[in-house]
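Worksheet: one structure, shown below.
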Amino acid sequence: MAKNGPLGVAGLIMMGTSILFLFFIVLSGVTNSTPLRKTYFLRADTSGITGARDVTQWTYFYFCGENNQDCGSARAAPAFGKAWSSRPQNAPHQLVGAQADHTTSSQYFYMWRFGWVFMIITLFFEVLAFFSGFLACCGRLGSAIAALISTSALIISTVAMSLMTATFVKARDAFHSDNRSASVGAYAFGFAWGSWAALFIATMLYCIGMRGDRHNKGEGTSWGSVRRNRSGGNNDNDNMNEESEELEDVDEPEVHEARGILEEPEESNEEPKEATAITAPISRVERLAEHPSPQLPQVDGHYLNGNEFLELDERPSTGTLSSGSVIEASGPGNAMIPVSVTGPN
């Protein structure tokens, strides 16, 4: 926001300058005041050409005599050859053709016609860009709008100035090849390309105004990161507190079993129940009862031998655990899990 003000004002100044130069071109020949009386695209010796003045100066709306005096009637997009009569005598042949009542060749007719039209369109878009430049003083969005319009004006102006230059430079060369004096107008060409340059600078200024401030952006990012880190730290603390509360709610035997701490089961007067299926994979079996070693436990009618279950007919002759014995089996993570078993004595 702080930088958009100066950039927008500078863009307005350059855009206003470009528009002013264009008005000098468009209004050339209207009055005899300076610089308008000195503004013309081409000045050539047309003496001896049917229906032409001795000296003709081509302006935006008029065909005038020397110093933009004795001008004819104003015409929109006048054909280049309207400076003389139809089917003229002694005119350079490159300039004469079938267009505009046999006064102008097709090449010069279309080059100047489109150049004239593009120049007036450029003026229209530059006026729009000038007023949008006030928005550019307010922020990046305004700069984007002004940059879009001024870029369009710049493209159109490039086409207009190129066609204008090509038309009158080639016409000057045609007069020279016909041994006639001719020269392009320094004021008109200076205003035309000066307008283009000012428009280009204004467009660049508006485009610069679209960019964000890196310093402020960095500060904003850092502050945001700090806030996120603080928030993340608070969340971690909350999670730790919740986990602590959950651990407090867990019964002591469950905690001991989770830590692999084995305790002797409490004595019970209840009758032995059938063996419970072992859900965890058993990799090692140890007998915890007071029976002579080695003896193999039996679970659900099967004897455990290492990692394998033995069928009843594969029972070893060394004996089995008595009903109610407790064995220790390693489960997931090598945690030792107490398992009650039943079987024949």
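These numbers come from a predicted model, not from an experiment.
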Partners meeting ring pair (Phe, Tyr, Trp, His ring centres under 6.0 Å) with Phe130 (sequence neighbours left out): Phe134

Residues in side-chain hydrogen bond (donor to acceptor under 3.5 Å, both in side chains) contact with Arg180, at least two apart in sequence or another chain: Asp178

Treat each ILVMFWY residue as a node, draw an edge where side-chain heavy atoms are under 4.5 Å apart, and state whether Phe131 and Leu123 are in one component. yes

What pairs with Tyr110 under ring pair (Phe, Tyr, Trp, His ring centres under 6.0 Å), at least two apart in sequence or on another chain? none

Nearest heavy-atom approach of Leu163 to Thr167 is O-OG1, 2.7 Å

What I'd like to find out is whether the side chain of Val96 reaches to under 4.5 Å of the side chain of His102, using heavy atoms alone. no

Could you pull out every donor-acceptor pair under 3.5 Å between side chains of residues 185-198 and any protein atom, sequence neighbours left out?
residue : atom : partner : partner atom : Å
Trp193  : NE1  : Thr165  : OG1          : 3.1
Ser195  : OG   : Ser18   : O            : 3.0
Ser195  : OG   : Ser18   : OG           : 2.8
Trp196  : NE1  : Thr158  : OG1          : 2.7

Where is the tightest heavy-atom contact between Ala174 and Pro92, given as atom of each residue plus distance? O-CB, 4.0 Å

State the OG1-OH distance between Thr59 and Tyr40, to the nearest 0.5 angstrom. 12.0 Å

Taking only residues two or more places apart in sequence, or in another chain, which ones meet Tyr62 in a ring pair (Phe, Tyr, Trp, His ring centres under 6.0 Å)? none

What residues, two or more places apart in sequence or in another chain, satisfy disulfide bond (SG atoms under 2.5 Å apart) together with Cys207? none

Test side-chain contact (heavy atoms from CB on, under 4.5 Å) applied to Leu20 - qualifying residues, sequence neighbours left out: Phe24

Using a 4.5 Å cut-off on heavy atoms from C-beta on, say whether the side chain of Arg37 contacts that of Pro35. no

Which heavy atom of Leu12 sits nearest a heavy atom of Cys137, and at what distance? CD1-SG, 4.1 Å

Is it the case that one hydrophobic cluster holds both Ile201 and Ile13, taking links as side-chain heavy atoms less than 4.5 Å apart, direct or via other members? no

Taking side-chain contact (heavy atoms from CB on, under 4.5 Å) as the test, write out the residues that go with Ala171, two or more places apart. Leu42, Phe80, Leu95, Tyr108

Joint hydrophobic cluster, Ile155 plus Val127, side-chain heavy atoms closer than 4.5 Å: no

Euclidean distance, Gln69 CD relative to Gln57 CD, rounded to 0.5 Å: 9.0 Å

For Arg113, enumerate each residue passing the side-chain contact (heavy atoms from CB on, under 4.5 Å) test, keeping only those at least two apart in sequence or located in another chain. Ala77, Phe109

Could you grab the distance from atom CG of Leu128 to atom CD of Glu126, nearest 0.5 Å is fine? 10.5 Å

Taking side chain as C-beta onward, heavy atoms only, is Trp116 less than 4.5 Å from Tyr60? yes

For the CZ atom of Arg172 and the OG atom of Ser177, what is their distance to the nearest 0.5 Å? 11.5 Å

Smallest heavy-atom separation, Ala182 atom then His176 atom, equals O-NE2, 2.9 Å

When rounded to the nearest 0.5 Å, the distance separating CH2 of Trp58 from CE of Met164 is 15.5 Å

Would a single hydrophobic cluster contain both Leu205 and Val9, if residues Ile, Leu, Val, Met, Phe, Trp and Tyr are joined by side-chain heavy-atom contacts under 4.5 Å? no

Do the side chains of Val26 and Val159 join up, straight or via other hydrophobic residues, at under 4.5 Å, putting them in one cluster? yes

Using ring pair (Phe, Tyr, Trp, His ring centres under 6.0 Å) as the criterion, list what pairs up with Phe41, not counting sequence neighbours. Trp112, Phe168

Which atom pairs, donor and acceptor, lie under 3.5 Å between side-chain atoms of residues 143-150 and protein residues at least two apart or in another chain?
residue : atom : partner : partner atom : Å
Ser143  : OG   : Asn4    : ND2          : 3.2
Ser143  : OG   : Ala136  : O            : 3.3
Ser143  : OG   : Gly139  : O            : 3.1
Ser150  : OG   : Ala146  : O            : 2.8
Ser150  : OG   : Ala147  : O            : 3.1
Ser150  : OG   : Thr203  : OG1          : 3.4

Test item: side-chain donor near acceptor, Gln94 and Ser105, under 3.5 Å: no

A side-chain contact here means heavy atoms from C-beta on lying under 4.5 Å apart; do Leu7 and Tyr206 qualify? no

Just distance, no hydrogens or angles: give the donor-acceptor pairs under 3.5 Å from side chains in residues 44-53, sequence neighbours left out.
residue : atom : partner : partner atom : Å
Asp45   : OD1  : Ser47   : N            : 3.1
Asp45   : OD1  : Ser47   : OG           : 2.8
Thr46   : OG1  : Arg53   : O            : 2.3
Thr46   : OG1  : Thr56   : OG1          : 2.8
Thr50   : OG1  : Gln89   : N            : 3.1
Arg53   : NE   : Asp70   : O            : 3.1
Arg53   : NH1  : Phe63   : O            : 3.4
Arg53   : NH2  : Phe63   : O            : 3.2
Arg53   : NH2  : Asp70   : O            : 3.1

Separation of Ile208 CD1 from Arg140 CZ (nearest 0.5 Å): 13.5 Å

Note, Asp101 side chain near Lys82 side chain (heavy atom, < 4.5 Å): yes

Indicate the atoms forming the closest heavy-atom contact of Leu199 with Ser157, along with that distance. CD2-CB, 3.8 Å

